[in-house]
Every structure is written in structure tokens, then in C-alpha cells.
Amino acid sequence: MTRNARDLLNTIAELAPDPRSNPLVPLIAAGEADREVLAVLALEQLRVIPADRRAFLQLAVRSSTEPEADAFFTALAEGEAIAQQRLPAFAAACGVDEARAAAYTPLPGCQAYPAYVAWLALNAAPADAVLAVTANFSAWGGYCATIARALRTHYGFGDEACAFFDFFAEPAPAPARTAERAVQAALDTGRLDESRARAYGHLLQSYEALFWRTLERPA
């Protein structure tokens, strides 16, 4: 019997990290994180977002014979482009200007995540990458929703400064439907290696957790 993409995407949620693996977001939620930590978060995201966008575009190119996966990664790249436009307002609210951004040395523990996304763009079968990337969405969206609320409540940030996190916190039914179609097409054609996709997803979640642990203790 043909596997159902929706059921598979639901089960992949088990890869979501334990909330206790993110020590920083609860501190931000409580207003206890130093503003300098927020500045470092902005500085790291100034590198993560464009890197992820290019990786998703590469995956879209490699999906030329898989239109559903192509549409999925193209939509992700477009979303990263929107996020990239909103990010400078957050950085500015944190006191990050162009000179500081240019002089900043990224933290290896934070850049491991986009480095692995780039690895997937070059090495993973697009269908496997769809499943792996989707597994990370719920965790990231939840973090962004929490941060957006905290920035307004505890740090006095306005809507423009919070727009980057608001964007990722918003429900995204269209990408979810596109992911489901891509996964179903891969299942129907035998292109999906579920075991391999889960391994990719597990690594993505591990690098996501490393990102936040590194930010909490950047030294």
C-alpha cells in the first residue's frame, strides 16, 4: 500500500528537539537574556539567512525533474528573501550597524546549522531533504513566536524590529501543503529514503540545538 505523506510528516515531528535542549529562548522569554546576546543572535542570523536562501535555491535547481520538490524549495528561498529584508531592523534595534556586522567573527557552533543545510543542498536527494527540512519547521517557528512576544514585552522593541521573528512565527499552511505534495510524489515514485531523511533531520535538529547553546555561552 502506498505510504501517506501526511502521516509520514506527522511522525517526523518526533525529531523535534526536547524543549530543555534550548537554554536561551526561555531566558529571552523571561526578559533575562542580556541585550548583547540579542545582538549576537542578530549577527549570526545575518549570515544564516542568506546562506540558507542560496542552499534552498540550489536544492530547487537540483529538483528540476521533481516539480513538487522544486516548488517547495523555491518557496523556502522566497521566504528567506523576505526574512532577509526584515532582519536589519532587528539588528539595528540591537545596536548592530554595518561596521560591526562586517567586523564580526561568526561562532562555529552557530554556523554549523547553515553549513549542514549547504551540505544537504549539494549531497542529499531533494526528496530526502524535503522531509529533513520540514522536521525543523515547528521548533523554529515556536522559538520565533516566543522571541517576538518577549522582545515587545521585556525589551521594548517595536513591530518593525520584531518583524523578522513575526514572519517565521506565522502559520504557514502553503509551505506545509507544498511539502506534503513533494513528499507524496517522492513516495509514489520510490524516490524517498525515509531512513536517510530521518538521519538528515536528526542532524539538523542537533545543529539547531547547538546554535542556541552556543548563543547562551558564546565564549
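Between Asn4 and Asp7, the shortest heavy-atom contact is OD1-N, 3.0 Å. Shown here for Cys162 and Ala148, the closest heavy-atom pair between the two residues is SG-O, 4.0 Å. Minimum heavy-atom separation, Ala125 to Arg196: CB-NH2, 4.4 Å. Taking each heavy atom of Ala51 and Pro114 in turn, the nearest pair found is CB-CB, 4.2 Å. Closest approach of Ala127 to Ala186, counting heavy atoms only: CB-CB, 3.4 Å. When all heavy atoms are compared, the tightest approach of Ala197 to Ala132 is O-CB, 3.7 Å.
When side chains are defined from C-beta on, Phe165 does not count as touching Thr146, because their heavy atoms never get closer than 4.5 Å. Residues Leu59 and Phe72 form no side-chain contact, since every pair of their non-hydrogen atoms from C-beta on lies 4.5 Å or further apart. Side-chain atoms of Gln45 and Leu41, non-hydrogen and from C-beta on, do get closer than 4.5 Å to each other. A 4.5 Å side-chain heavy-atom check between Glu78 and Thr74 finds at least one atom pair inside the cut-off. When side chains are defined from C-beta on, Arg6 does not count as touching Val183, because their heavy atoms never get closer than 4.5 Å. Side-chain atoms of Tyr200 and Val133, non-hydrogen and from C-beta on, never get closer than 4.5 Å to each other.
In this view, Arg177 satisfies the side-chain hydrogen bond (donor to acceptor under 3.5 Å, both in side chains) rule with no residue, not counting sequence neighbours. Listed by chain and residue number, nothing satisfies the salt bridge (Lys or Arg N to Asp or Glu O under 4.0 Å) test with Glu80 (two or more places apart in sequence, or in another chain). In terms of the side-chain hydrogen bond (donor to acceptor under 3.5 Å, both in side chains) criterion, Asp34 has no residue partners (sequence neighbours excluded). Contacts of Tyr113 classified as side-chain hydrogen bond (donor to acceptor under 3.5 Å, both in side chains), with partners at least two apart in sequence or in another chain: Asn136. The side-chain hydrogen bond (donor to acceptor under 3.5 Å, both in side chains) check on Asp52 picks up nothing, with sequence neighbours excluded.
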Exercise answer: donor-acceptor pairs, residues 94-111 side-chain atoms, under 3.5 Å, sequence neighbours excluded:
unit_1, atom_1, unit_2, atom_2, d
Asp97, OD1, Ala99, N, 3.3
Asp97, OD1, Arg100, N, 2.8
Arg100, NH2, Glu36, OE1, 3.3
Arg100, NH2, Glu36, OE2, 2.4
Tyr104, OH, Glu44, OE2, 2.4
Gln111, NE2, Glu44, OE1, 2.6

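Between the CD1 atom of Ile82 and the CZ atom of Phe164 there is a distance of 12.0 Å, given to the nearest 0.5 Å. The structure places CG of Leu38 at 5.0 Å from CZ of Phe90, a figure rounded to the nearest 0.5 Å. Residue Glu194 holds its CD atom at 4.5 Å from CG of Leu8, rounded to the nearest 0.5 Å. To the nearest 0.5 Å, the span separating CG on Leu120 from CZ on Phe56 amounts to 9.0 Å. In this structure, CG in Leu151 is found 5.5 Å from CZ in Phe157, a value given to the nearest 0.5 Å. How far CG of Leu43 is from CZ of Arg47: 6.5 Å, rounded to the nearest 0.5 Å.
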Could you walk me through whether Trp212 and Glu216 pass the side chain to side chain donor-acceptor pair (under 3.5 Å) check? CA-CA 6 Å; Trp212 296 105; Glu216 189 211 10; over 6 Å; no
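In terms of hydrophobic clustering, with Ile, Leu, Val, Met, Phe, Trp and Tyr side chains grouped at heavy-atom distances under 4.5 Å, Trp140 and Ile28 are assigned to a common cluster. Tracing side-chain contacts under 4.5 Å through hydrophobic residues (I, L, V, M, F, W, Y), one never reaches Leu57 starting from Leu87; they form parts of separate clusters.
For Arg191 and Asp128, the salt-bridge test fails: no basic side-chain N is under 4.0 Å from an acidic carboxylate O.
Judged purely by atom type and a 3.5 angstrom limit, Arg62 uses its side chain to pair as donor or acceptor with the backbone of Ala121. Proximity of a side-chain donor or acceptor of Gln184 to a complementary backbone N or O of Ala5 within less than 3.5 Å is detected.
For Tyr116 and Trp119, the ring centers sit closer than 6.0 Å to each other.
Summarising the local packing, NE2 of His202 is surrounded by 12 or fewer heavy atoms from other residues, nucleotides or ligands at distances under 6.0 Å.
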